[in-house]
Number of protein chains: 2
Amino acid sequence: MDATAPQSPAGLRTTPSWLLNQAATHAGRLISAGFAVHDLRGYHYRLLAALAESGPASQADLGRRCAIDRSDVVAAVNDLTGRGLVVRAPDPADRRRNVISLTEAGADEAHRMADTVARVQDDLLAPLSSAERDQLTRLLTRLLEHHSGH
Amino acid sequence: MDATAPQSPAGLRTTPSWLLNQAATHAGRLISAGFAVHDLRGYHYRLLAALAESGPASQADLGRRCAIDRSDVVAAVNDLTGRGLVVRAPDPADRRRNVISLTEAGADEAHRMADTVARVQDDLLAPLSSAERDQLTRLLTRLLEHHSGH
DNA sequence: TCAGAACGTTGGCTTCACCAACGTTGGTAG
DNA sequence: CTACCAACGTTGGTGAAGCCAACGTTCTGA
């Protein structure tokens, strides 16, 4: 992003979807920079976080929880197994499923990435007071609940 | 997005950068659907909006104002000229530059797209009161100002 | 005047979000 | 029990969006 950007058109600048887009883009830059240190990307973190929090799960379940398409879960899990962060095993109780579990290294990495993410939040929300951060979080949460709870 | 998504990990669900990402993704889906009717995409709208608001400009200027890379401006302007929405002319005062101007059809399309965008905002912000919408807008604006004003 | 900056352009890359199709396996209605 | 349909993992592909490096041309400032 050009720091020296002339004022963008008001037609964009005052449009919530534009603001969301730009704020998310910027957050994404910070997050990506943080993840680069771990040599991992967004999909990887989402999966590790889900596994660290709720334990082993099928790929389909992970996809639903992390908002990642089934086919993209395959590739990301491949990456993670290749790095020894995760193990893929057939589910004896349902032979359609694979059970994905964290290895010890995976659990460690999940913690480290969570720390990185936490630092990025502070960076991202620097200009806001703690009350304002809560406000923003609540507004966004309501938005998402409305649009997913249908 | 799966409407039936089981609860995502709290480690994500309560993280502002995740909320921003998801909200922006959803907004993007609504916006894209709206733009599909016009057979145009996000970059096209940004450029048309900037031109409609501030008049003719060089490609580099447009790129800075719309947060689009120089090289991507080239392609988008090519598209727009191909549709007769925009004209590209060399700047006699600075032969490095091209001056991009809206045609009449381009100005019309800019208005129609602005209407589409306005409708999408209402859809997107449906769950929020007008005061809350202002709050959200202000918080996001402050975030962006902080991170671009450096 | 001459070095460096700005401009437009080409070509390439990565991430993320999707979609369609297939074979395999489970569950269920008849 | 069988037929049918749903769910799962997988492959392969698409497109938008955001970037970066390099080049030749043109302008500008020291």
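Worth knowing before you read on, the calculation uses all heavy atoms, side chains too, and leaves out hydrogens, waters and symmetry mates.
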Point to revise | Whole-Å distance separating the CG atom of B:N21 from the P atom of D:dA16 | key: 19 Å
Check your understanding: When the distance from CG of A:L62 to C1' of D:dC8 is rounded to whole Å, what number comes out?
Key -> 13 Å
Practice item. Could you check how far NE2 of A:H26 sits from C1' of D:dG18, rounded to whole Å? Key: 14 Å
Check your understanding: Distance check: side-chain N/O of A:R95 vs OP1/OP2 of C:dG26, anything under 4.0 Å?
Key -> yes
Check your understanding: Can you find a donor-acceptor pair, distance only, under 3.5 Å between A:R70 side chain and D:dG9 base?
Key -> yes
**Study point:** Side chain of A:S71 (C-beta onward), nearest among D:dG9, C:dG8, D:dT11
**Key:** D:dT11
Study note, to complete from the structure: Among C:dT24, D:dT10, C:dA6, the one nearest any side-chain atom of A:R96 is C:dT24
Study note, to complete from the structure: Rounding to 0.5 Å, atoms CD1 (B:I100) and OG1 (B:T81) come to a distance of 8.0 Å
Check your understanding: In whole Å, what is the span from the CD1 atom of A:I31 to the P atom of D:dG18?
Key -> 17 Å
Exercise for review: Write down the distance between CG (A:L30) and P (C:dT15), rounded to a whole number of angstrom.
Suggested key: 17 Å
Exercise for review: Take the protein atom OH of B:Y45 and the nucleotide atom C1' of D:dA17, then report the distance between them rounded to whole Å.
Suggested key: 18 Å
Point to revise | Charged N-O contact under 4.0 Å between A:R64 and A:D69 | key: no
Practice item. Examine the base of C:dC7 for any acceptor or donor lying under 3.5 Å from a partner atom in the side chain of B:S58, and report the outcome as yes or no. Key: no
Practice item. Please state whether the phosphate of C:dC7, meaning OP1 or OP2, lies under 4.0 angstrom from any side-chain nitrogen or oxygen of B:R88. Key: no
Review point. Are the charged groups of A:D61 and A:R70 less than 4.0 angstrom apart, N to O?
Key: no
Review point. Ion pair present between B:D115 and B:R112, side-chain N to carboxylate O less than 4.0 angstrom?
Key: no
Point to revise | Salt bridge flag under 4.0 Å for residues B:E109 and B:R83 | key: no
Practice item. Ignoring the backbone of A:R64, work out which of C:dT9, D:dA17, D:dC8 is nearest its side chain. Key: D:dC8
Practice item. May I ask you to say what A:G28 touches in the nucleic acid, namely base, sugar-phosphate or nothing, with a heavy-atom cut-off under 4.0 Å? Key: nothing
Practice item. For the side chain of A:R97, starting at C-beta, report the closest nucleotide among C:dG26, D:dC8, D:dA17. Key: D:dC8
Revision key, fill the gap. Here the distance between atom P of D:dT10 and atom CD1 of A:I68, to the nearest Å, is 15 Å
Check your understanding: 5'-most contact on DNA chain C: A:H44 or B:D72, nearest heavy atom basis?
Key -> B:D72
Point to revise | First of A:D69 and B:Q59 reached from the 5' end of DNA chain C, by closest nucleotide | key: B:Q59
Review point. So, are B:D91 and B:R96 salt-bridged, with charged N and O less than 4.0 Å apart?
Key: no
Practice item. Calculate the interatomic distance between B:R46 atom CZ and D:dA16 atom C1'; express it in whole Å. Key: 10 Å
Check your understanding: Looking at C:dC16, does its base get a donor-acceptor pair with the side chain of B:T25 below 3.5 Å?
Key -> no
Exercise for review: Kindly say if A:N98 contacts the phosphate of D:dT10, meaning a side-chain N or O under 4.0 Å from OP1 or OP2.
Suggested key: yes
